[in-house]
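Single-structure report; data block below.
In each ligand, atom 1 is the first atom listed, and ligand 1 is the first ligand listed.
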Amino acid sequence: MKTNIGVFFGGRSTEHEISVISASQAMHAIDRNRYNVTPIYITKEGKWYTGEALFNVSGYRDIPALLKQCEEVYMRPIFGDCNLYKVNKPMFGKAVVGSLDVVIPVLHGSNGEDGTFEGIIEAIGVPYAGCDVLASANGMDKITMKMILAHCGVPVIDFVWFTDKEWFTGKDNLISSIESTLGYPVIVKPANLGSSVGIGRAADRSRLEECIEDASRYSSRIIVEHMVDNLKEINCSVLGDCDEFETSVCEEPIKSGDILSYEDKYMGGTKGAKGMQASQKRIPADLPESMSNEIRRLAGETFRVLGCHGVSRVDVIVDADTDKIYVNEINTIPGSLSFYLWEATGISFTSLMDKLVELALKRNRERSNKTVTYSKNIFSLGGGCKGKLK
Ligand SMILES: Nc1ncnc2c1ncn2[C@@H]1O[C@H](COP(=O)(O)OP(=O)(O)O)[C@@H](O)[C@H]1O
Ligand SMILES: [Mg+2]
């Protein structure tokens, strides 16, 4: 019997399209001799669809036409029910499309990489690949993530954070705090987006205000960081769980402006539009061995202290003037699942997918050994209900 893998992708996120590409790459890499693959596409409105047509990336140019060839489905929030149900129940015939043994979320950004989707799957109890709710949520929020890393001795760039309400009610205080602790230039980011959306750089007060107002259109939590002027950006992937993991070779993504833009990341610079594979990168990054070893160590430490699982990518910023390395962020569901970094490290995309499934099953076995309920029923112990519940 083959294991049934459900790959979830798309979703209510600014990185919806990127997720479609990553998932398509991942589904093609899964070994069909060992696994059946069910694609589950989450639309931008949040509806779930399945069907063979979802394997073909060119179909996503016309979503309404694509969805006509698919079946709308849902799962019930009932522990142990791993079935995919048809939304439009047929009068005759099956209401169930199939049952999932393992879920692989290939969702980037909000409502997917941030723990919300993982929470649904966790409640249903299907083994799933990648970070759990806690690690996903901590990894997604740039403020929480940096607080944890700083606490654990992982170097991060100095930052100031606040909410949009704090900004609108106490602008002057916040501006002086930013100016005295960081100085200019600074980088302003919404705390929980990705793909450089809503990010701006400011070298003076009026631009700072503009950037913050722009960031607050995307998120209620805002982070302002000291800007590293002369920087090298390096990424390193980590695979495993927090007890046992390995790190990949490093890559250097190539940017066309001051910051790595959406276009740099996915379209090969501002001119191209060939999709994610066309993005420019140097693999392995051209670094002294001691520095790449240190980056790999910090990437592993980031993965460990955040309690990560599966495959993540840790992005660091190297200050080229001082050679100091700072962890900038973790992507708990990285673009293309970082397969190209694992290929360069000697692990094929197919083995990477195998490992993700094995890790998901291993975590499920480990979790099923933990006590989640007591067999004693306190109501049967006598004493009625007179005592206070805590
Ligand atoms: N503190 C910083 N100093 C200089 N450049 C930065 C800084 N933080 C981010 N950047 C630039 O902005 C880009 C996007 O920021 P990042 O924190 O990675 O957000 P995202 O989650 O959107 O990828 C980075 O790849 C880098 O080019
Ligand atoms: Mg980034």
Problem - Atom name, E329 (N, O or S, nearest to the Mg ion (ligand 2)) - result: OE2
Problem - Any I317 heavy atom less than 4.0 Å to ligand 1 - result: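 True for this residue.
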Exercise for the section: May I ask whether K142 has any heavy atom positioned less than 4.0 angstrom from an atom of ligand 1? Expected result: yes
Practice task
Hey, can you tell me if F9 and Y41 have their rings parallel, tilted or perpendicular (30° and 60° cut-offs)?
Solution key: tilted
Handout entry: Closest candidate by heavy atom, reference atom 5 (N) of ligand 1, pool V224, I330, L231
Key = L231
Handout entry: Nearest neighbour of atom 17 (O) of ligand 1 from the list E15, K189, E329, on a heavy-atom basis
Key = K189
Practice task
Decide, counting backbone as well as side-chain atoms, whether D315 has an N, O or S atom less than 2.8 Å from the Mg ion (ligand 2).
Solution key: no
Practice task
May I ask you to check whether E179 and Y184 show a side-chain donor-acceptor distance below 3.5 Å?
Solution key: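 The answer is yes; a qualifying pair exists.
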Handout entry: Verdict with supporting geometry, S220 and D164, side-chain hydrogen bond (donor to acceptor under 3.5 Å, both in side chains)
Key = CA-CA 5 Å; S220 56; D164 53 354; 4.7 Å; no
Exercise for the section: May I ask you to check whether Y326 and H226 place their ring centres under 6.0 Å from each other? Expected result: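 Between Y326 and H226, which both carry aromatic rings, the centre distance is not below 6.0 Å.
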Practice task
Tell me whether the centres of the aromatic rings in F349 and Y340 are closer together than 6.0 Å.
Solution key: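 When the ring centroids of F349 and Y340 are compared, they turn out to be at least 6.0 Å apart.
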Handout entry: M227, portion touching ligand 1 at heavy-atom distance under 4.0 Å
Key =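 The answer is both.
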